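Some notes on the structure that comes next.
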Amino acid sequence: MKRKLRIYLPFINAGLQEATTYRADWCFRILGNILGCFISYFIWKAVFLSGGSEIINGFTMPQMVVYIFLMFLTSTLVSSGGTFDIGEEIRDGSIAMRMIKPISYNSTFLFQELGNKIMTVFVLIVPLVAGVEIVSALFTGSVQFNIARFGLYIFSCVLAYLVNFFFNICFGFIAFVIKYLWGANMMKNCIVGFLSGAIIPLAFLPDVIEKIFLLLPFASLNYTPVMIYMGMYSGTELLYYLGLQLFWVLGFWGLSKFLWKAATKRLCVQGG
């Protein structure tokens, strides 16, 4: 374990240095997402006002506000750029340099992203969680923060990130066939955003469709951690959805190993 840590520690440092070097790009991406949060807030506020009801599909307006900002925090924490990175390396030929090194291809991406996540966690998680709790307290009149539930939320986010990482790695291997992934990646992000509850809560969908979507891996990315933080899952239901996340982590991890062996047999880069 120590030997592996020594091998991959430079990749963590590289990810951290990348995040700190390109601070302006990082800040603009975060500001763009925050702007999207406020746009969603005003849209849902208009929906509740026009609906004339205090509760829509089990959500009150205060709960919807918390949901919107938790969804932003969660999607930021569990985001992964493996698909784009693999596509770019195949396009410019730099993947050849990774392949000749005696290290795991997937692990290099994982540890490099972990370095990037360190900055995101330290900069965002405290002020955003504090902001969510302040808004919740203003609406309810009392502090709702629960340390045990927050711990479960963080654990769920770790599983969600691993699901997202290995899913993106698997999707990125498509670049071995189609060579350029920009368009396919845009389409994938739109579909995943809808299926993960980032656009509308899955509870707003018809019951049959909601049950199907909850079984898919995409609900494990954003919807499950947010529901855990909001206290919507408890007891056996909580264990079930955490177990489902773990199932998808192991499933995509195994699939990534299989696809890597299959993809490298037909590698053809355009650059290098």
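Please read all numbers here as calculations on a predicted model, not as lab measurements.
Between the side chain of N168 and the backbone N or O of N164, at least one donor-acceptor pair lies under 3.5 Å. With hydrogens and angles disregarded, a donor-acceptor distance shorter than 3.5 Å links the side chain of T76 to the backbone of F72.
C157 is listed as a side-chain neighbour of Y153, based on a closest heavy-atom distance under 4.5 Å. Residues K257 and F166 are not in side-chain contact: their nearest non-hydrogen atoms beyond the backbone lie 4.5 Å or more apart. Side-chain contact check for F167 versus L221: every heavy-atom pair is 4.5 Å or farther apart. Side-chain atoms of N222 and M71, non-hydrogen and from C-beta on, do get closer than 4.5 Å to each other. In this structure, the side chains of M64 and Y41 stay at 4.5 Å or more apart for every pair of heavy atoms. Contact of the L114 side chain with the Y161 side chain is registered, since non-hydrogen atoms from C-beta on lie closer than 4.5 Å.
Note on L110 and F258: same hydrophobic cluster, where clusters join Ile, Leu, Val, Met, Phe, Trp and Tyr whose side-chain heavy atoms are under 4.5 Å apart, directly or indirectly. Put simply, F194 and M187 are part of the same group of oily side chains (I, L, V, M, F, W, Y) that touch within less than 4.5 Å, one to the next. At a threshold of 4.5 Å between side-chain heavy atoms, the hydrophobic network of Ile, Leu, Val, Met, Phe, Trp and Tyr places L49 and I56 in two separate groups. In terms of hydrophobic clustering, with Ile, Leu, Val, Met, Phe, Trp and Tyr side chains grouped at heavy-atom distances under 4.5 Å, F155 and Y241 are assigned to a common cluster. Residue V163 is grouped with residue I191 when hydrophobic side chains (ILVMFWY) are merged at heavy-atom distances under 4.5 angstrom, including chains of intermediate members.
Applying the side chain to side chain donor-acceptor pair (under 3.5 Å) criterion to S220, with sequence neighbours excluded, gives no partner residue.
Checked by atom type, the side-chain pair T224/Q245 shows no donor-acceptor distance below 3.5 Å. In the model, T74 has no side-chain atom that pairs as donor or acceptor with a side-chain atom of Y223 under 3.5 Å.
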Distance-only criterion, 3.5 Å: show the donor-acceptor pairs between side-chain atoms of residues 225-234 and protein atoms not counting sequence neighbours.
{"from": "Y229", "atom 1": "OH", "to": "E133", "atom 2": "OE2", "distance (Å)": "2.5"}

Name every donor-acceptor pair, under 3.5 Å, that has one atom in a side chain of residues 197-215 and the other anywhere in the protein, sequence neighbours excluded.
none

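Annotation: F69 is in aromatic contact with F38 [ring centroid separation under 6.0 Å].
F171 and K188 make their closest contact through CZ-CB, 3.7 Å (heavy atoms, listed as atom of the first residue, atom of the second, distance). Closest heavy-atom contact between I68 and C37: CG2-O, 3.5 Å.
The line from CZ of F48 to CZ of F59 is 8.5 Å long, rounded to the nearest 0.5 Å. Within the model, atoms SG of C170 and CG of L255 stand 4.0 Å from one another, a figure rounded to the nearest 0.5 Å. Once rounded to the nearest 0.5 Å, the distance linking CZ of F218 with OG of S196 reads 9.0 Å.
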